[in-house]
Peer 1: 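Got a structure for you, written out below as structure tokens; questions coming shortly.
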There are 2 protein chains.
Amino acid sequence: MFKHVKQSRAYQDVVEQIQDGIIAGTLKPGSQLPAERDLKEQFGVSRGTLREALRVLEQKGLIEIRTGVAGGSIIREVNSEQLSENLGLLIRNRTVSLRDLAEFREGMEGGVAALAAQRGQEQDMALLKKLLTEAEEHLKEGRKGWDAFIRTDEMLHMALARMSGNQLFISVLESVYYNIHTYYENYLSRGKKILQENFNDLQAIVTAVTERNEEAARELAQGHVRRFNTYMEEKEA
Amino acid sequence: MFKHVKQSRAYQDVVEQIQDGIIAGTLKPGSQLPAERDLKEQFGVSRGTLREALRVLEQKGLIEIRTGVAGGSIIREVNSEQLSENLGLLIRNRTVSLRDLAEFREGMEGGVAALAAQRGQEQDMALLKKLLTEAEEHLKEGRKGWDAFIRTDEMLHMALARMSGNQLFISVLESVYYNIHTYYENYLSRGKKILQENFNDLQAIVTAVTERNEEAARELAQGHVRRFNTYMEEKEA
DNA sequence: TCGTACTAATGGTTAAACCATTTGCAGCTG
DNA sequence: CAGCTGCAAATGGTTTAACCATTAGTACGA
């Protein structure tokens with residue numbers, strides 16, 4: 001439950017002070033920290049120690065460091081980049097398999113679809129229909145449209161996630177998709193028949209969402225993901 | 001898709017070389033890197049630069065650094081700690097509401113229960129029953145057993161997550177529970193009647209899991225979480 | 001008006017020294 | 001001999017001071 005205490009590490013103290021400031025809102029995204037030579041005075045540490053702290057904060061995704069005059073440490077808008085990186089590391093160390101990723105996604109897409117049905121605005125619904133039309137067009141293009149279809153499919157899923165209004169779903173699903181595409185691109189299902197089935201699923205989901213039928217959206221999305229996981233696993237074997 | 005290239009940063013090069021070694025398996029978990037004063041020679045950089053690289057690797061969770069003779073940088077077994085930290089930062093920074101956390105959890109618990117029903121071993125089932133018995137005892141203790149009941153409830157949910165055999169579920173749920181307890185402890189439902197209902201739900205879920213009834217387990221777990229989210233939201237209002 | 005070159009601010013790197021922590025061993029003591 | 005004490009050495013942690021590299025702004029000249 002608790003993390004081990006590492007004592008007498010000055011840079012850790014610096015990291016925590018800045019991090020707390022960001023979380024508390026004292027340090028707002030976009031604003032700049034003082035220059036290293038100033039900061040080291042304020043913290044009462046050497047520049048080397050301060051820089052180790054800044055490296056840690058950078059790795060956590062909390063700041064971005066630019067060189068040159070008017071450069072320096074800029075507080076970042078927090079995003080899911082670091083989460084993605086860590087997921088990627090886990091995956092590459094074989095701790096997380098394709099099956100794990102897919103199962104995880106299955107767990108979430110149902111909830112996302114239900115929330116999207118509940119909270120989507122008119123403009124969101126319009127976007128869904130637009131993406132659906134795009135997908136259909138890519139499908140008609142035959143083999144050369146397959147990759148584009150898969151991209152559109154993903155955009156549609158991410159649009160649903162954004163409609164859920166839940167940043168956790170958005171960030172985590174972003175990570176999952178990023179890692180699936182980076183490390184398992186080849187296992188994504190292709191082929192006329194299977195993509196047609198995929199499209200039919202999407203159409204049904206979008207219809208349920210636009211009709212604000214939460215339970216139908218949940219069931220359809222879950223079933224859809226589950227079925228396509230099976231296809232991927234067959235391909236993996 | 002691609003990350004921005006940051007040029008002329010020597011420490012990044014060091015990070016990548018070591019990280020690649022770990023991923024490729026050349027550097028195995030548990031093994032030690034040479035001392036800083038040796039490493040800096042091998043990489044041809046100064047000690048300060050090398051240390052910035054080590055700080056980054058440490059923050060990524062790839063190495064652990066110990067002081068003293070026989071200390072140094074030890075390659076770590078990759079685990080979910082960093083993922084949890086990132087998720088925690090996202091949660092805190094986005095000022096994610098209790099509702100967001102709860103919805104997210106709702107999305108996952110169903111999948112977890114279904115997988116647990118599918119993959120649980122005999123000993124896992126035994127643990128579930130043991131935890132259920134404990135929970136019942138805490139319930140009988142009245143008001144003073146409430147906190148203990150909630151802990152047991154959480155342990156039961158984590159046991160289910162572990163039974164799923166999916167490291168992603170395990171890591172993410174760990175982080176979600178940790179953050180709920182850290183920031184929303186006061187909103188957790190208490191009271192004789194409500195905890196009794198909670199217990200009944202748990203009993204039903206465990207029964208479904210031990211009978212390997214995936215769909216029942218999924219439905220029960222999802223419904224359970226959803227219902228208790230409503231209670232929490234009422235309390236929040 | 002445009003472009004070139006200089007200037008200054010800022011992060012990136014280096015070097016050498018010293019501090020702090022930890023392990024293990026030598027030697028002392030009972 | 002058993003066990004404690006304290007020192008020595010290895011290793012990470014920190015400091016200092018200097019210099020290199022990159023970049024935005026500015027002054028100046030074609």
Side-chain angles (χ1 to χ4, degrees), chain A residues 3-19 21-22 27-76 81, chain B residues 3-19 21-22 27-76 81:
Chain A
K3 290 176 183 172
H4 270 217
V5 174
K6 295 210 179 115
Q7 31 195 333
S8 34
R9 307 231 274 193
Y11 76 88
Q12 270 295 358
D13 204 69
V14 175
V15 167
E16 274 157 33
Q17 286 195 49
I18 296 178
Q19 178 171 315
I22 295 174
L27 301 170
K28 297 199 194 317
S31 65
Q32 271 202 357
L33 291 178
E36 290 183 0
R37 289 164 180 83
D38 283 347
L39 264 186
K40 89 178 168 62
E41 303 290 336
Q42 293 189 36
F43 284 111
V45 299
S46 73
R47 210 174 144 213
T49 300
L50 173 68
R51 282 175 59 79
E52 290 189 22
L54 293 178
R55 281 284 96 77
V56 171
L57 288 166
E58 186 181 49
Q59 181 54 35
K60 284 191 180 196
L62 293 176
I63 64 173
E64 182 183 342
I65 302 177
R66 298 212 194 110
T67 61
V69 60
S73 306
I74 300 163
I75 311 292
R76 285 186 59 182
E81 235 172 70
Chain B
K3 289 178 183 170
H4 270 215
V5 174
K6 293 202 181 124
Q7 30 194 337
S8 38
R9 305 231 273 191
Y11 76 89
Q12 269 296 0
D13 204 69
V14 175
V15 167
E16 273 157 32
Q17 286 195 49
I18 296 178
Q19 178 170 314
I22 294 174
L27 301 170
K28 295 197 195 319
S31 64
Q32 271 202 356
L33 292 177
E36 290 183 0
R37 290 164 180 84
D38 282 349
L39 264 185
K40 90 178 178 22
E41 303 290 336
Q42 294 189 35
F43 283 111
V45 298
S46 74
R47 204 169 151 220
T49 299
L50 173 67
R51 282 175 60 78
E52 289 190 24
L54 293 179
R55 280 286 94 76
V56 170
L57 289 165
E58 185 182 49
Q59 182 54 33
K60 284 188 180 198
L62 293 175
I63 65 173
E64 184 183 339
I65 303 177
R66 297 210 196 111
T67 61
V69 59
S73 307
I74 300 163
I75 311 294
R76 286 186 57 182
E81 223 173 82

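Below, chains carry the letters A, B, ... as their sequence lines are ordered, and counting in each starts from 1.
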Peer 1: D:dG12 P sits how many Å from B:Glu64 CD, rounded?
Peer 2: 13 Å
Peer 1: Using atom CZ of A:Arg66 as one end and atom C1' of D:dT23 as the other, report the distance to the nearest whole Å.
Peer 2: 12 Å
Peer 1: Would you please confirm or rule out a distance under 4.0 Å between OP1 or OP2 of C:dT14 and any side-chain N or O of B:Thr49?
Peer 2: yes
Peer 1: In whole Å, what is the span from the CD atom of B:Glu41 to the C1' atom of C:dT14?
Peer 2: 12 Å
Peer 1: Look at the side-chain N and O atoms of A:Arg51 and state whether any lies under 4.0 Å from the OP1 or OP2 oxygen of C:dG12.
Peer 2: yes
Peer 1: Hey, is the side chain of A:Arg37 pairing donor to acceptor with the base of C:dG11 inside 3.5 Å?
Peer 2: yes
Peer 1: Looking only at non-hydrogen atoms, find the nearest pair between A:Ser73 and A:Ile65 and report the distance.
Peer 2: OG-CG1, 4.0 Å
Peer 1: Which residue lies toward the 5' end of DNA chain D, A:Thr67 or B:Leu33, if each is placed at its nearest nucleotide?
Peer 2: B:Leu33
Peer 1: Quick check: closest heavy atoms across B:Ile63 and B:Leu54, and the distance to 0.1 Å?
Peer 2: CD1-O, 3.6 Å
Peer 1: What is the distance, rounded to the nearest whole Å, between atom CD of A:Glu36 and atom P of C:dG12?
Peer 2: 6 Å
Peer 1: Looking at every heavy atom in both A:Leu50 and A:Lys40, which two are closest together, and how far apart are they?
Peer 2: CD2-N, 3.7 Å
Peer 1: Do B:Glu52 and B:Arg55 sit within salt-bridge range, that is, some charged N less than 4.0 Å from a carboxylate O?
Peer 2: no
Peer 1: Write down the distance between NZ (B:Lys40) and P (C:dA17), rounded to a whole number of angstrom.
Peer 2: 12 Å
Peer 1: Using the closest heavy atom to pick a nucleotide of DNA chain D for each, name whichever of B:Gly71 or A:Gly44 lands nearer the 5' end.
Peer 2: B:Gly71
Peer 1: Should A:Arg76 and A:Glu81 count as side-chain neighbours, where that means a heavy-atom distance under 4.5 Å?
Peer 2: yes
Peer 1: Please determine if a side-chain N or O atom of A:Ser46 lies less than 4.0 Å away from the OP1 or OP2 oxygen of D:dT15.
Peer 2: yes
Peer 1: Rounded off to whole Å, could you give me the CG-to-P distance for the A:Leu50 and C:dT10 pair?
Peer 2: 14 Å
Peer 1: Expressed in angstrom and rounded to an integer, what is the separation of A:Arg9 atom CZ from D:dG12 atom P?
Peer 2: 11 Å
Peer 1: Can you tell me if A:Arg47 touches the phosphate of D:dT14, counting only side-chain N or O atoms and a distance under 4.0 Å to OP1 or OP2?
Peer 2: no
Peer 1: Can you check the B:Tyr11 OH to C:dT14 C1' distance for me, whole Å?
Peer 2: 17 Å
Peer 1: Of the listed nucleotides (D:dG13, C:dA9, C:dG12), which one gets closest to any side-chain atom of A:Arg55?
Peer 2: C:dG12
